[in-house]
There are 2 protein chains.
Amino acid sequence: MATGRRSPTLESVAAASGVSRQTVSNVINAPDRVAPPTRARVQSAIESLNYSPNRMARSLRTRASRAIGFCVPPAVPNRLNPVLDRFVHAIADAASARGFHVLLFTAPAGPAGLDGYAELMAQQAVDGFALSETVVNDERQAWLMERGIPFVAFGRTWNDDDSGAWVDVDGAAGVAAAVDHVHGLGHRRIAFLGWPRGSGVGDDRLGGYLAACERLGVPSLVARGTESMAEGHAMASRLLGGPEPPTALVCVSDTVALGALRAVARRNLAPGRDVAVVGFDDTPFAALPGFELTSLSQPIEEAGRTVVRMLLKHLERKGSRRGEAHEPGEPPATNVLLRPTLVIRSSTDPEASRLAR
Amino acid sequence: MATGRRSPTLESVAAASGVSRQTVSNVINAPDRVAPPTRARVQSAIESLNYSPNRMARSLRTRASRAIGFCVPPAVPNRLNPVLDRFVHAIADAASARGFHVLLFTAPAGPAGLDGYAELMAQQAVDGFALSETVVNDERQAWLMERGIPFVAFGRTWNDDDSGAWVDVDGAAGVAAAVDHVHGLGHRRIAFLGWPRGSGVGDDRLGGYLAACERLGVPSLVARGTESMAEGHAMASRLLGGPEPPTALVCVSDTVALGALRAVARRNLAPGRDVAVVGFDDTPFAALPGFELTSLSQPIEEAGRTVVRMLLKHLERKGSRRGEAHEPGEPPATNVLLRPTLVIRSSTDPEASRLAR
DNA sequence: ACGGTTCGTTTGATCGTTCAACTGTAGGTG
DNA sequence: CACCTACAGTTGAACGATCAAACGAACCGT
């Protein structure tokens with residue numbers, strides 16, 4: 001039985017079109033070097049044989065795997081990650097548009113997991129990495145940098161020495177826009193429900209709140225708690241029971257905001273009418289009827305595309321070895337800050353839901 | 001400048017330990033063929049040089065990429081996919097434990113996306129595929145089967161001709177367990193809030209409900225609506241306003257169940273006390289205070305591990321070409337049904353939350 | 001002493017592609 | 001006419017691993 005006919009190779013395409021290997025290779029990689037008639041002949045042979053080049057052979061020769069490594073962070077039970085699957089989809093999409101693949105792998109957190117990155121490079125399985133979920137004092141950036149391993153992070157380098165390229169969402173600007181929004185609706189006592197000190201993301205968002213309050217000349221009022229609905233509820237209850245209760249609650253996340261919403265409802269106050277509540281992330285259930293939570297939507301897809309674009313640009317530059325330098329100057333901006341957009345729903349503006357539909 | 005020292009190769013390890021290429025290769029792939037003293041010498045050379053084999057070269061020679069392709073389904077806006085990131089993490093984890101990688105790619109839905117699968121095989125970029133989100137009349141299975149491309153699906157083949165291996169969660173058994181649970185709590189009028197006819201997953205879950213009702217000798221009462229909180233709310237309101245209102249609502253998903261919960265609350269009935277509500281998926285917010293939704297938790301991680309295990313077994317069998325057949329009989333069970341577990345919270349049993357903590 | 005088997009190791013060929021150097025032809029320039 | 005350049009295409013070598021066959025030595029039984 002003639003099981004498993006092999007895929008066509010350069011050689012078979014060459015034979016079919018009466019030219020040599022290299023000419024077929026040129027048709028694929030540098031079509032302008034081949035005379036148009038020949039090119040057409042080879043092209044049709046490629047199509048009729050349904051040829052596509054063997055990636056392994058190509059990578060072996062060129063020392064480039066045309067793949068990007070991405071370490072999937074462990075799924076934390078009972079905490080939804082509103083970002084991950086969108087980001088993963090975005091980088092996979094952007095990569096394939098440029099002929100790259102995304103290689104997934106898992107690694108233990110902390111320094112123990114770093115070997116995984118090095119091994120993939122040593123195996124020539126990937127050309128570089130996309131990082132996500134960067135934290136304060138993340139070891140990965142410096143470690144990769146030292147070894148000259150290309151990478152781009154989704155999430156700032158929160159360390160002092162900001163080394164390495166990153167793309168991030170401007171949480172401060174987002175929260176400031178939220179404060180402006182509720183201020184514009186007439187609110188003057190605007191509180192911020194945040195995370196404990198020391199998380200890069202949380203401090204960034206808090207910073208935007210403080211700056212906006214100062215700019216608008218309204219007092220600031222900050223509560224802190226962990227990322228949970230229960231804490232959101234507790235923080236909101238405490239503030240609403242205080243002497244001069246806030247009329248707007250700007251929250252560091254949708255989860256916290258949902259807790260706050262429940263606290264508002266429990267006091268028989270109408271969200272949006274009596275107390276405005278704003279979340280962050282625009283998670284799927286922010287839009288659910290019954291919540292209708294105004295929230296900041298992160299441009300995750302754009303972030304993914306940008307990460308890939310920057311990484312590939314970096315790889316190109318590395319790839320061109322000999323000859324004069326690619327660009328005389330230093331590399332262009334290695335950091336990109338994207339602005340989240342405020343999605344207004346009835347938790348701040350009861351008119352909003354009617355208008356949206 | 002001596003930039004970019006190359007990674008060590010078999011040859012360099014061989015030179016360092018005074019043996020030939022092939023011996024080093026044997027130390028890695030078939031250590032028992034090498035005399036212990038030699039093996040030790042080579043091993044130490046491998047470690048001191050920090051050698052790891054070039055995957056591309058190996059794949060080129062062996063015609064096996066040791067990678068599994070996975071097509072990331074597009075993220076549907078405003079609908080959370082409680083399964084995807086857990087599943088992706090699980091397959092990546094299980095694959096790396098066996099020296100395999102997971103290669104992500106995206107493809108348009110429907111027949112247009114099939115080329116992507118074929119191309120990856122032609123490029124020798126992957127050895128096979130893990131599928132997810134199988135639907136009724138999914139073209140992919142038959143198409144891959146025809147071409148002899150190895151795959152295992154997470155999700156049944158809902159077509160008539162059940163071709164191809166799959167792993168799935170037994171939705172019928174899960175829902176039946178939920179019905180048993182509320183029946184055991186004394187409920188006799190138990191309704192099912194389901195999806196429109198024709199979705200494989202939805203019909204499976206409904207089937208479990210009907211079977212359990214018949215077995216227990218209680219009447220069945222079915223409502224159907226699309227996957228949304230609003231529809232869940234509508235269905236529950238309709239039933240609760242009927243002549244003989246149910247006292248238990250078993251729902252096809254957590255989203256529908258959340259709508260039902262709100263409908264219960266709006267009628268000033270206490271969930272768990274007056275009306276029991278059960279969801280499906282055990283999404284993160286089922287556990288949130290304020291919902292405390294009893295739900296069926298899918299063993300996604302186990303499903304991912306099983307998919308990978310079955311796929312690799314299939315690949316091994318394919319890989320061993322010559323010689324007598326690997327196993328004389330037909331392949332063992334190509335389908336695996338995993339049972340979801342019922343997580344009991346106060347939406348059915350008010351005591352539950354106290355006990356759990 | 002001889003052929004046979006086993007064990008440990010080496011050697012040459014090969015996977016499919018790209019790189020670098022080369023060949024031959026045509027056209028332009030002094 | 002000699003020379004240089006540009007163009008179109010070919011050829012051998014290389015990337016780093018594994019496969020298949022061969023090798024020498026030791027051991028064995030007759």
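Residue numbers begin at 1 in each chain, while the letters A, B, ... track the order of the sequences.
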Novice: Going by side-chain hydrogen bond (donor to acceptor under 3.5 Å, both in side chains), name the pairs with one or both residues in residues 17-28 of chain B, residues two or more places apart or in two chains.
Specialist: B:S20-B:T23, B:Q22-B:N26, B:S25-B:N29
Novice: Take atom CD of A:Q22 and atom C1' of C:dA21, then tell me their distance rounded to the nearest Å.
Specialist: 11 Å
Novice: At a cut-off of 3.5 Å, list every protein nitrogen or oxygen paired with a nitrogen or oxygen from nucleotides 14-17 of chain D, distance to 0.1 Å.
Specialist:
| unit_1 | atom_1 | unit_2 | atom_2 | d |
| --- | --- | --- | --- | --- |
| D:dA14 | N3 | A:R61 | NH1 | 2.7 |
| D:dC15 | O3' | A:R63 | NH2 | 3.0 |
| D:dG16 | OP1 | A:R63 | NH1 | 3.4 |
| D:dG16 | OP1 | A:R63 | NH2 | 2.4 |
| D:dG16 | N2 | B:A57 | O | 3.4 |
| D:dA17 | OP1 | B:Y51 | OH | 2.7 |
| D:dA17 | OP1 | B:N54 | N | 3.0 |
| D:dA17 | OP2 | B:L10 | N | 2.4 |
| D:dA17 | O5' | B:Y51 | OH | 3.4 |

Novice: Counting only heavy atoms and a strict 4.0 angstrom limit, can you tell me which residues of residues 30-37 of chain A come near DNA chain D?
Specialist: A:V34, A:A35
Novice: Partners of B:Y51 by ring pair (Phe, Tyr, Trp, His ring centres under 6.0 Å), sequence neighbours excluded?
Specialist: none
Novice: Restricting both atoms to N or O, compile the protein contacts to nucleotides 22-27 of chain C shorter than 3.5 Å, with distance only.
Specialist:
none

Novice: Starting at CG of A:N26 and ending at C1' of D:dA8, how long is that distance when rounded to a whole Å?
Specialist: 10 Å
Novice: Taking side-chain contact (heavy atoms from CB on, under 4.5 Å) as the definition, give me every residue that meets it alongside A:A303, ordered by chain and number, with sequence neighbours left out.
Specialist: A:F154, A:V167, A:L338
Novice: With a 4.5 Å heavy-atom cut-off, do A:S65 and A:M121 have their side chains touching?
Specialist: no
Novice: How many Å lie between CZ on A:R41 and C1' on D:dA8, as a whole number?
Specialist: 12 Å
Novice: Is there a side-chain contact between A:R98 and A:R309 in this structure, where contact means two heavy atoms from C-beta onward sitting under 4.5 Å apart?
Specialist: yes
Novice: If you apply the rule side-chain contact (heavy atoms from CB on, under 4.5 Å), what do you find for B:V42 with B:V19, and how did you get there?
Specialist: CA-CA 8 Å; B:V42 172; B:V19 295; 3.9 Å; yes
Novice: With sequence neighbours left out, write down each residue that passes side-chain contact (heavy atoms from CB on, under 4.5 Å) with A:A35, or none if nothing qualifies.
Specialist: A:P37, A:T38
Novice: Taking all heavy atoms of B:M310 and all of B:T334, pick out the closest pair and write down the distance.
Specialist: CE-O, 3.1 Å
Novice: How would you list, by chain and number, every residue that makes a side-chain contact (heavy atoms from CB on, under 4.5 Å) with A:Q123, sequence neighbours excluded?
Specialist: A:E119, A:L120, A:A125, B:S52, B:R55, B:H101
Novice: Over the length of the helix from C:dA1-D:dT30 to C:dG30-D:dC1, how much do the five-pair end axes diverge, rounded to 10 degrees?
Specialist: 50°
Novice: Output every pair passing salt bridge (Lys or Arg N to Asp or Glu O under 4.0 Å) with a member in residues 139-156 of chain A, not counting sequence neighbours, ordered by first then second residue.
Specialist: A:D138-A:R140, A:R156-A:D168, A:R156-A:D204
Novice: Under 4.0 Å from OP1 or OP2 of C:dT17: is there any side-chain N or O of A:S59 that close?
Specialist: no
Novice: Identify, with sequence neighbours excluded, every residue that meets side-chain hydrogen bond (donor to acceptor under 3.5 Å, both in side chains) alongside A:S59.
Specialist: none
Novice: For B:V307, which of B:L312, B:V152, B:V336 qualifies under side-chain contact (heavy atoms from CB on, under 4.5 Å)?
Specialist: B:V152
Novice: Residues in ring pair (Phe, Tyr, Trp, His ring centres under 6.0 Å) with A:Y117, at least two apart?
Specialist: A:F105, A:F129
